[in-house]
Amino acid sequence: MKTISGKPLSKIGIGSYGIGGRGHRDMPLTDKKDDSVYIETLAHMISSGLNFTELSMGYGHGNSVSLFKWALEKSGVAREDLFLTNSLYPRDLPNVKTINDDISSFYSVLETNYADSTLVTQSLLIKFGEETIYDILTNLLEDGKTRYVSLSNAKSEYIIKFKEHFKDKFFAHEGHLSFEVRLLEDSGVFQTCRKLAVENIIWRPLRRNQTSNHNWKLLNDLALKYDKTPNQIILNWMCYDGFRPMVMSSNKAHIDENLESLNFTMVAKDYKLIRDFRAQKPSGSFNLEENSIVELVNNFEKYN
Ligand SMILES: NC(=O)c1ccc[n+]([C@@H]2O[C@H](COP(=O)([O-])OP(=O)(O)OC[C@H]3O[C@@H](n4cnc5c(N)ncnc54)[C@H](OP(=O)(O)O)[C@@H]3O)[C@@H](O)[C@H]2O)c1
């Protein structure tokens, strides 16, 4: 997959939830820093070659997309050199009009006439009906308003149907993978995507640094062996295995640390150790509905 200007996608992408404060439109906004911090750090990521992201008009009560636009200007990188996904989440979209309003706002705030991909979740398909959402996406594709379409937090059966419908316009499935939470690997979702040539993009790959803070022995041993940090071991493993993790950061030192994760290779048996690792209690009591995954990812320590 490439940007419209022909640049291959970077191995790591830019996470944008939390830019301009944490919270969707239907939640209170927390952890908000000064706008200049986000502009500075996003511009640093873009200038360093990270060239794909998913944005949502609902993130940070709308701040996230406008801050991204300012950061893009500051970076001096052309919009055509980036692959921008517009994500539509059902939680703060009560009706079809609000979906269409969000789509229009995405283009006007970013001053662009296309999205590289438009993403919907399985829960959005269920909330409004597949036919309605497929029609919206088909119109966007036909009008040249989106180059591709993507899906998030879906079961294999939804991924297969989406592929049958959108064929080679289906860019990516965005799902969760972390050192501890392997639900999508163990339920075959990642394998389905690989089989269908759909990119596996990973959300919350560092579990917001909670994985590192957990002090897993295997991660710490590998970090010591390769003189890297646990977060670098995690990102290196995911990229080596063909996943595309998206990481959010508003801290330059963290961004540089994450970029460094691409500059080394581990021996095959160490990748296998990580791949084979399962946390003590498999998360079997969780189903694949979106909220359950988010709940498990955020509160893994509570359940294990
Ligand atoms: N499709 C979906 O349903 C879905 C769900 C959740 C998220 N997402 C997307 O996925 C993106 C990534 O997920 P996320 O932001 O929730 O989690 P994440 O990328 O795993 O973690 C981000 C957090 O970790 C910290 N961090 C990053 N690098 C670090 C490092 N090297 N050392 C220490 N701390 C570090 C950041 O703090 P600092 O700012 O201090 O660096 C930030 O608080 C989101 O931004 C969003 O775009 C999609």
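Note that the coordinates shown come from a computational prediction; the quantities given were computed from them, not determined experimentally. When a ligand or atom number is given, it counts from 1 through the structure's own listing order.
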**Asked** Is it true that the NZ or CZ of K228 lies under 6.0 Å from the centre of Y226's six-membered ring and within 45 degrees of the ring axis?
**Response** no
**Message:** Under a 3.5 Å threshold, yes or no: a donor from one side chain and an acceptor from the other, between W203 and E54?
**Reply:** no
**Ligand-residue contact atoms, ligand 1 with E257, heavy atoms, under 4.0 Å** = 31 (N)
**Prompt:** What is the ring orientation for W216 with H214, classed by angle as parallel under 30°, tilted 30 to 60°, or perpendicular over 60°?
**Reply:** parallel
**Message:** Heavy-atom distances under 4.0 Å decide this one: backbone, side chain, both or neither, for S212 against ligand 1?
**Reply:** neither
**Request:** Could you pull out, from S178, S16, A253, S250, the option with a heavy atom nearest to atom 39 (O) of ligand 1?
**Result:** S250
**Verdict with supporting geometry, D256 and K252, salt bridge (Lys or Arg N to Asp or Glu O under 4.0 Å)** = CA-CA 6 Å; D256 291 339; K252 255 189 171 170; over 6 Å; no
**Asked** Is ligand 1 under 4.0 Å from a heavy atom in the side chain of N231, in the backbone, in both, or in neither?
**Response** side chain
**Request:** Would you kindly specify which portion of T229 sits under 4.0 Å from ligand 1, judged on non-hydrogen atoms: side chain, backbone, both or neither?
**Result:** neither
**Complete:** ligand 1 atoms nearer than 4.0 angstrom to some heavy atom of E54 are 8 (N), 9 (C), 46 (C), 47 (O), 48 (C)
**Asked** Do L184 and L177 pass the side-chain contact (heavy atoms from CB on, under 4.5 Å) test, and can you show the C-alpha distance, the side-chain angles, and the key distance before you say yes or no?
**Response** CA-CA 7 Å; L184 300 197; L177 171 67; over 6 Å; no
**Message:** Closer than 4.0 Å to some heavy atom of R207 - which atoms of ligand 1 meet that?
**Reply:** 20 (O)
**Request:** State the atoms of ligand 1, each with its element, that fall below the 4.0 Å cut-off from a heavy-atom position in N209.
**Result:** 24 (O), 32 (N), 33 (C), 34 (N)
**Prompt:** Ring centres of Y107 and Y114 under 6.0 Å apart?
**Reply:** no
**Fill in**
Honestly, for R204 the part within reach of ligand 1 (heavy atoms, under 4.0 Å) is both
**Request:** Before signing off on this row, confirm whether I14 and ligand 1 have an N or O atom pair separated by under 3.5 Å.
**Result:** no
**Prompt:** With under 30° as parallel and over 60° as perpendicular, where do the rings of F277 and F179 fit, or are they tilted in between?
**Reply:** parallel
**Asked** What orientation do H24 and Y89 show, parallel under 30°, tilted 30 to 60°, or perpendicular over 60°?
**Response** perpendicular
**Prompt:** Against heavy atoms of N153, which atoms of ligand 1 measure under 4.0 Å?
**Reply:** 2 (C), 3 (O)
**Prompt:** Distance under 6.0 Å and angle within 45° of the ring axis: does K169 meet both against Y148?
**Reply:** yes
**Asked** Quick one: does S152 get within less than 4.0 Å of ligand 1, heavy atoms only?
**Response** yes
**Request:** Pick, from R208, H173, M248, R22, the option with the minimum heavy-atom distance to atom 26 (N) of ligand 1.
**Result:** M248
